[in-house]
Amino acid sequence: MFRIQITWILLMLTVALMSAGIIYAKAWPGLAAAIMGFSVAKFLLVAFYFMDMKGANAAWKAILIAFSGLLGAVVILMK
């Protein structure tokens, strides 16, 4: 129960940080990478704790982590 509350707090914190980061979008050129990093972290938190992927096969875990990393890298490099 306690881990779910910590995960929920982390998810809400990443949403708040990404929303606050929109204000500084023009001033800081590395903001897109930071927002994408928070998005990947949120994706992995939701996948592993709320979708219960932590009990899945190791191959599925590796594919999920590789997919999120690849997606984050592609979005950052397309900017």
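Throughout, residue positions are numbered sequentially from 1 according to the sequence presented.
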Enquirer: Please tabulate, one pair per line, all N/O donor-acceptor pairs under 3.5 Å involving side-chain atoms of residues 30-44, not counting sequence neighbours.
Expert:
residue: Ser39; atom: OG; partner: Ile35; partner atom: O; Å: 3.0

Enquirer: Using distance only, find each side-chain donor-acceptor pair of residues 10-18 under 3.5 Å and give its atom names and separation, not counting sequence neighbours.
Expert:
residue: Thr14; atom: OG1; partner: Leu10; partner atom: O; Å: 3.3
residue: Thr14; atom: OG1; partner: Leu11; partner atom: O; Å: 2.7

Enquirer: Could you tabulate the donor-acceptor pairs under 3.5 Å formed by side-chain atoms of residues 58-74, not counting sequence neighbours?
Expert:
residue: Lys61; atom: NZ; partner: Lys54; partner atom: O; Å: 2.9
residue: Ser68; atom: OG; partner: Leu64; partner atom: O; Å: 3.3
residue: Ser68; atom: OG; partner: Ile65; partner atom: O; Å: 2.9

